[in-house]
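Below is one structure, written out as structure tokens; the observations come after it.
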Amino acid sequence: QVQPVESGGGLVQAGGSLRLSCAASARTFSNYAMGWVRQAPGKEREFVAATTWSGANSLYSDSVKGRFTISRDNAKNTVYLQMNSLKPEDTAVYSCARQGSGYGTWYLSRALTEYDHWGQGTQVTVSS
């Protein structure tokens with residue numbers, strides 16, 4: 001199986017923006033909800049955002065709501081994470097994953113146990 005591939009990470013100053021991309025195979029991506037998670041050094045993996053298979057509905061963690069936007073382009077099998085007003089506490093490795101329980105439904109979950117097909121991640125570093 002081919003894992004998703006993330007890109008777009010980098011170093012940015014506080015208050016800046018980045019746009020992450022996650023390209024997946026059609027088999028992994030099609031008709032499934034997709035999500036982004038992050039893991040900071042020394043911390044557990046944390047849910048960030050998810051979107052339904054159509055992109056019509058989204059779910060965010062409280063820590064990023066209002067600053068981050070998740071979207072997807074089903075023709076390109078790609079999901080995006082637009083990150084604005086970045087803070088030093090957003091520094092982490094960001095990974096995308098498929099919500100296995102989200103096939104063809106409106107259901108979205110923050111529970112990481114419901115995600116599979118994890119990518120390797122892309123590093124985001126926000127300097128103060």
Side-chain angles (χ1 to χ4, degrees):
Q1 61 188 27
V2 178
Q3 302 307 112
V5 178
E6 301 90 343
S7 61
L11 174 64
V12 63
Q13 288 188 330
S17 299
L18 282 175
R19 188 194 194 205
L20 306 183
S21 299
C22 169
S25 68
R27 176 175 292 183
T28 298
F29 187 88
S30 297
N31 298 313
Y32 279 96
M34 296 292 293
W36 286 93
V37 299
R38 68 186 181 186
Q39 188 167 22
K43 295 188 177 181
E44 293 186 353
R45 192 174 280 178
E46 173 191 19
F47 170 83
V48 175
T51 186
T52 52
W53 64 275
S54 67
N57 294 83
S58 300
L59 180 68
Y60 297 93
S61 68
D62 290 342
S63 60
V64 307
K65 193 171 185 178
R67 300 188 297 121
F68 292 10
T69 302
I70 188 171
S71 62
R72 64 191 291 161
D73 184 336
N74 287 341
K76 296 181 179 180
N77 298 325
T78 300
V79 61
Y80 304 98
L81 186 67
Q82 177 66 44
M83 306 186 296
N84 299 329
S85 302
L86 283 161
K87 305 174 181 179
E89 51 264 43
D90 294 319
T91 295
V93 174
Y94 285 71
S95 303
C96 68
R98 184 183 74 175
Q99 183 187 319
S101 57
Y103 181 85
T105 76
W106 302 109
Y107 170 67
L108 293 173
S109 174
R110 293 184 174 91
L112 299 187
T113 53
E114 298 190 41
Y115 288 83
D116 56 24
H117 293 270
W118 299 85
Q120 290 296 314
T122 184
Q123 176 71 47
V124 172
T125 303
V126 184
S127 63
S128 58

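Not measured: the values here are computed from a predicted model.
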Is there any ring-ring contact (aromatic ring centres under 6.0 Å, His included) pair reaching into residues 26-47, and which pairs are they, with sequence neighbours excluded?
Y32-Y103
By side-chain contact (heavy atoms from CB on, under 4.5 Å) - contacts of A75 (at least two apart):
D73
Quick one: does Q3's side chain get under 4.5 Å of Q120's, heavy atoms only?
no
Between SG of C22 and CZ of R72, what distance do you get to the nearest 0.5 Å?
10.0 Å
Verdict with reasoning, T125 to V12, per side chain to side chain contact (heavy atoms under 4.5 Å, CB included):
CA-CA 6 Å; T125 303; V12 63; over 6 Å; no
The salt bridge (Lys or Arg N to Asp or Glu O under 4.0 Å) partners of R38 (sequence neighbours excluded) come to E46, D90
If we ignore hydrogens and angles and just use 3.5 Å, is the side chain of S30 paired with the main-chain N or O of R27 as donor and acceptor?
no
Using atom types as modelled and distance alone, determine if a side-chain donor or acceptor of T51 lies under 3.5 Å from a backbone N or O of N57.
yes
Please confirm whether the backbone N or O of A50 pairs with a side-chain atom of Q99, one donor and one acceptor, at under 3.5 Å?
no
Interatomic distance, NZ@K65 vs OG@S58, rounded to 0.5 Å, equals 10.5 Å
Quick one: CZ on R45 to OG on S95, what's the gap to the nearest 0.5 Å?
5.5 Å
Keeping Y115 on the side-chain end and S109 on the backbone end, is there a donor-acceptor pair under 3.5 Å?
yes
Tell me every residue that passes side chain to side chain donor-acceptor pair (under 3.5 Å) with T122, counting only those two or more places apart in sequence or in another chain.
none
Might you point out which heavy atoms bring L108 and A33 nearest each other, and give the distance in Å?
CD2-CB, 3.7 Å
Please evaluate residues V79 and L20 with respect to the criterion side chain to side chain contact (heavy atoms under 4.5 Å, CB included), reporting the C-alpha separation (whole Å), side-chain torsions for both, the decisive distance (0.1 Å), and the verdict.
CA-CA 8 Å; V79 61; L20 306 183; over 6 Å; no
For the backbone of Q82 and the side chain of T69, can you confirm whether one donor and one acceptor N or O come within less than 3.5 Å of each other?
no
V126 vs K87, test: side chain to side chain contact (heavy atoms under 4.5 Å, CB included). Steps then yes/no.
CA-CA 6 Å; V126 184; K87 305 174 181 179; 5.5 Å; no
Quick check: are there more than 12 heavy atoms from other residues, nucleotides or ligands sitting under 6.0 Å from CD of E89?
yes
Distance in Å, L81 CG paired with I70 CD1, rounded so as to fall on 0.5 Å steps:
6.5 Å
Of all pairs that satisfy ring-ring contact (aromatic ring centres under 6.0 Å, His included), the ones with a partner from residues 56-97, not counting sequence neighbours
none
Note, L86 side chain near L18 side chain (heavy atom, < 4.5 Å):
yes
Mind running side chain to side chain contact (heavy atoms under 4.5 Å, CB included) on M83 and S17 for me, showing each step along the way?
CA-CA 5 Å; M83 306 186 296; S17 299; over 6 Å; no
Who passes salt bridge (Lys or Arg N to Asp or Glu O under 4.0 Å) against D116, sequence neighbours left out?
R98
Approximate separation, where rounding is to 0.5 Å, of N77 CG and M34 CE:
9.0 Å
Search all heavy atoms of W118 against all heavy atoms of V37 and return the closest pair with its distance.
CZ3-CG2, 2.9 Å
Using atom types as modelled and distance alone, determine if a side-chain donor or acceptor of S85 lies under 3.5 Å from a backbone N or O of G15.
no
Between OG1 of T78 and CD of E6, what distance do you get to the nearest 0.5 Å?
11.5 Å
